[in-house]
Protein chains: 2
Amino acid sequence: MTRQRRVILEELRKVRSHPTADEIYQMARKHLPRISLGTVYRNLEVLSDQGLIKKLDVSGDRSRFDGDLTEHVHIRCIVCGRVDDFPVRPAVTLPEINNDCGYEIGGFVLEFSGQCPQCKKAEVC
Amino acid sequence: MTRQRRVILEELRKVRSHPTADEIYQMARKHLPRISLGTVYRNLEVLSDQGLIKKLDVSGDRSRFDGDLTEHVHIRCIVCGRVDDFPVRPAVTLPEINNDCGYEIGGFVLEFSGQCPQCKKAEVC
DNA sequence: TAAATTAACAGTAATAATTCTCATTATTGA
DNA sequence: TCAATAATGAGAATTATTACTGTTAATTTA
Ligand SMILES: [Mn+2]
Ligand SMILES: [Mn+2]
Ligand SMILES: [Zn+2]
Ligand SMILES: [Zn+2]
């Protein structure tokens, strides 16, 4: 656990947003001005492999990261791309799913999408 | 509806897989050897905007496309990346969701992941 | 402690999916 | 027919991400 890795983890746990690698890079630079983007990517990968953070493979162009390890659902704005937690639990749990497709199921992603309050307000009619 | 666009749509409707843009490019080249990858990307975007196909923003690196417009669930192999239809309907429907997060909800993605039969068999123990 | 080994680093180059540019070709419709 | 419009092919540009290359810091061992 290097200083760089600790700062990345702390900054990610501090926010309730789901920042991209580059956004985490900007956050970390406030504390470690000489940190490199490559280090941020490398450590996000390591932390994700160690199970200390979650890499969100939500829709959209860039990967996002979440310091909240509890299983929860996300909602993404189709206009600006921001991702929030969504306060609903899916009624479906993994053991309930009848697996007749031959896959060995390991997880699932439930992601809602729509317009966030800001984008809804800014909408041109 | 140009020849290029029609071939892309027909090829996509022909298969039950969820090909990437490059895979569709290879399929289209069989009929139009001089078609360009840029044209494939452009027409997939147009067809998706027109609602004639669906662009799948599933997890993973590349976008995939689906000629099946009915609402259904997907499963993705975490080893080889292939995407299949998953024969389960989520118990949750959009109107049921209480929207107290301020978003205007437009849709959702439910995607399971795991190992496909081939990858499960090939697994090194 | 001092040398050797290891791990992570910063900076930068490479990769790959996608988008953009632009000259050319096809299509439309008065 | 023929001008206007739209789409194309080829390839360059963009961009998120990954890989590489010395360098530095930390850890282990003699
Ligand atoms: Mn979250
Ligand atoms: Mn499908
Ligand atoms: Zn928004
Ligand atoms: Zn597989």
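Computed from a prediction, not measured in an experiment: that's the story for all the values here. First the proteins, then the strands, lettered A, B, ... as listed; each starts at 1.
- Close to D:dT8, at under 4.0 Å from its OP1 or OP2, lies a side-chain N or O of B:Thr2.
- Straight-line distance from the CD atom of A:Glu45 to the P atom of D:dA16: 17 Å, rounded to whole Å.
- Of the residues B:Arg16, B:Lys54, B:Arg13, the one that meets the salt bridge (Lys or Arg N to Asp or Glu O under 4.0 Å) test with B:Asp68 is B:Arg16.
- The phosphate of D:dT18 (OP1 or OP2) has no side-chain N or O of A:Tyr41 nearer than 4.0 angstrom.
- The shortest distance between the side-chain N/O atoms of B:Gln4 and the OP1/OP2 oxygens of D:dG9 is below 4.0 Å.
- Within a 6.0 Å radius of CZ in B:Arg3, no more than 12 heavy atoms belonging to other residues, nucleotides or ligands are found.
- Using bins of under 30°, 30° to 60° and over 60° for the plane-to-plane angle, the ring pair B:His18/B:His72 lands in the tilted bin.
- Remark: A:Ser63 is not in phosphate contact with D:dA16, judged by side-chain N or O atoms under 4.0 Å from OP1 or OP2.
- The phosphate of D:dA10 has OP1 or OP2 within less than 4.0 Å of a side-chain N or O from B:Arg34.
- Within 4.0 Å (heavy atoms only), A:Thr20 reaches no atom of the nucleic acid at all.
- Note: CG (B:Asp22) to C1' (C:dA16) measures 11 Å, nearest angstrom.
- Not one side-chain nitrogen or oxygen of B:Arg42 sits closer than 4.0 Å to the OP1 or OP2 atom of C:dT18.
- Taking atom CG on A:Leu44 and atom P on C:dA8, their separation rounds to 15 Å, with Å as the unit.
- Within 4.0 Å (heavy atoms only), B:Asn43 reaches sugar-phosphate atoms of the nucleic acid but no base atom.
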